[in-house]
Amino acid sequence: MLISRSLAAHLHTCFLLLILLAFGLPEIVPVVLGDVGTASHYTPPYQPTECYGGDPSQFPSSNLFAAAGDGVWDNGAACGRQYLVRCISASKSGTCIPERTIQIKIVDYALSSTSAAATSKQSVAGATLVLSQTAFGAIANSSVTSINVEFQQV
């Protein structure tokens, strides 16, 4: 009898936890679905790039693209990858555009000295993603130099 009460109490606790996860916990604790990093931005001209050189067809018509930092670059395998990106916080409150997620394409390497995304053109060096001006402005107030982002490969 002692074992069955223990099991019943355990099942009750598990059931309560499932209810909290399903209905109430996401409002209390944000659920992160991707990786978290930082994003800065860079300015035109955006060519040449480490991925595609001077080919203008590399850029999506939306102008939502980025250069990859070391954490994303993957020895060039990141070229052409698509990511969903959203601003989650910044040093200045009100910077992020709430509930705005964009899809970007990786076209360059942020740490290449020969590409348009060279460190000297970035708003902040060492970011996980260096977004085009259009991409950065789509998810955050562009008066700041860096934001914290959540990103997930599509």
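Between the CD atom of Gln103 and the CZ atom of Arg86 there is a distance of 16.0 Å, given to the nearest 0.5 Å. Atom OG1 of residue Thr43 and atom NZ of residue Lys121 lie 4.5 Å apart, to the nearest 0.5 angstrom. The structure places CD1 of Ile102 at 9.5 Å from OG1 of Thr134, a figure rounded to the nearest 0.5 Å.
Contact detail for Ala117 and Gln122: the closest heavy-atom pair is O-NE2, 2.8 Å. The shortest heavy-atom contact between Val124 and Thr145 is CG2-OG1, 3.4 Å. The two residues Ala90 and Ile147 come nearest to each other via the heavy atoms CB-CG2, 4.0 Å.
Here the side chains of Val36 and Val149 are not in contact, with every heavy-atom distance at 4.5 Å or above.
The stretch residues 78-99 participates, sequence neighbours left out, in these ring pair (Phe, Tyr, Trp, His ring centres under 6.0 Å) pairs: Tyr83-Phe151. Screening residues 109-154 for disulfide (SG to SG under 2.5 Å), with sequence neighbours left out, gives no hits. Within the structure, disulfide (SG to SG under 2.5 Å) pairs that include any residue of residues 88-129 comprise Cys87-Cys96 (at least two apart or interchain). Sorted by first and then second residue, the side-chain hydrogen bond (donor to acceptor under 3.5 Å, both in side chains) pairs with a member in residues 90-101 form an empty list; sequence neighbours excluded. Applying the disulfide (SG to SG under 2.5 Å) definition to pairs two or more places apart or across chains, none involves residues 115-154.
Residues passing the side-chain hydrogen bond (donor to acceptor under 3.5 Å, both in side chains) test with Gln153: none are found, sequence neighbours excluded. Thr38 is linked by a side-chain contact (heavy atoms from CB on, under 4.5 Å) to Ala127, Thr128, Ser146, Asn148, counting only residues two or more places apart in sequence or in another chain.
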List the atom pairs, with distances to 0.1 Å, where a side-chain N or O of residues 60-75 and a protein N or O form a donor-acceptor pair under 3.5 Å, not counting sequence neighbours.
unit_1: Ser62; atom_1: OG; unit_2: Leu64; atom_2: N; d: 3.3
unit_1: Asp70; atom_1: OD1; unit_2: Tyr109; atom_2: OH; d: 2.5
unit_1: Asp74; atom_1: OD2; unit_2: Arg81; atom_2: NH2; d: 2.9

Pairs under 3.5 angstrom only: tabulate donor-acceptor contacts from the side chains of residues 46-53 to other protein residues two or more places apart or in another chain.
unit_1: Tyr46; atom_1: OH; unit_2: Tyr42; atom_2: O; d: 3.4
unit_1: Tyr46; atom_1: OH; unit_2: Gln133; atom_2: N; d: 3.1
unit_1: Gln47; atom_1: NE2; unit_2: Gly54; atom_2: O; d: 2.8
unit_1: Gln47; atom_1: NE2; unit_2: Asp55; atom_2: O; d: 3.4
unit_1: Thr49; atom_1: OG1; unit_2: Tyr52; atom_2: N; d: 2.9
unit_1: Thr49; atom_1: OG1; unit_2: Gly53; atom_2: N; d: 3.4
unit_1: Thr49; atom_1: OG1; unit_2: Gln58; atom_2: OE1; d: 2.7
unit_1: Thr49; atom_1: OG1; unit_2: Val107; atom_2: O; d: 3.2
unit_1: Glu50; atom_1: OE1; unit_2: Ser112; atom_2: OG; d: 2.5
unit_1: Glu50; atom_1: OE1; unit_2: Thr114; atom_2: OG1; d: 3.4
unit_1: Tyr52; atom_1: OH; unit_2: Gly80; atom_2: N; d: 3.2

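Val130 and Ile106 end up in different hydrophobic clusters when Ile, Leu, Val, Met, Phe, Trp and Tyr side chains are linked at under 4.5 Å.
Alongside Leu84, the hydrophobic cluster contains Val154 (criterion: ILVMFWY side chains under 4.5 Å).
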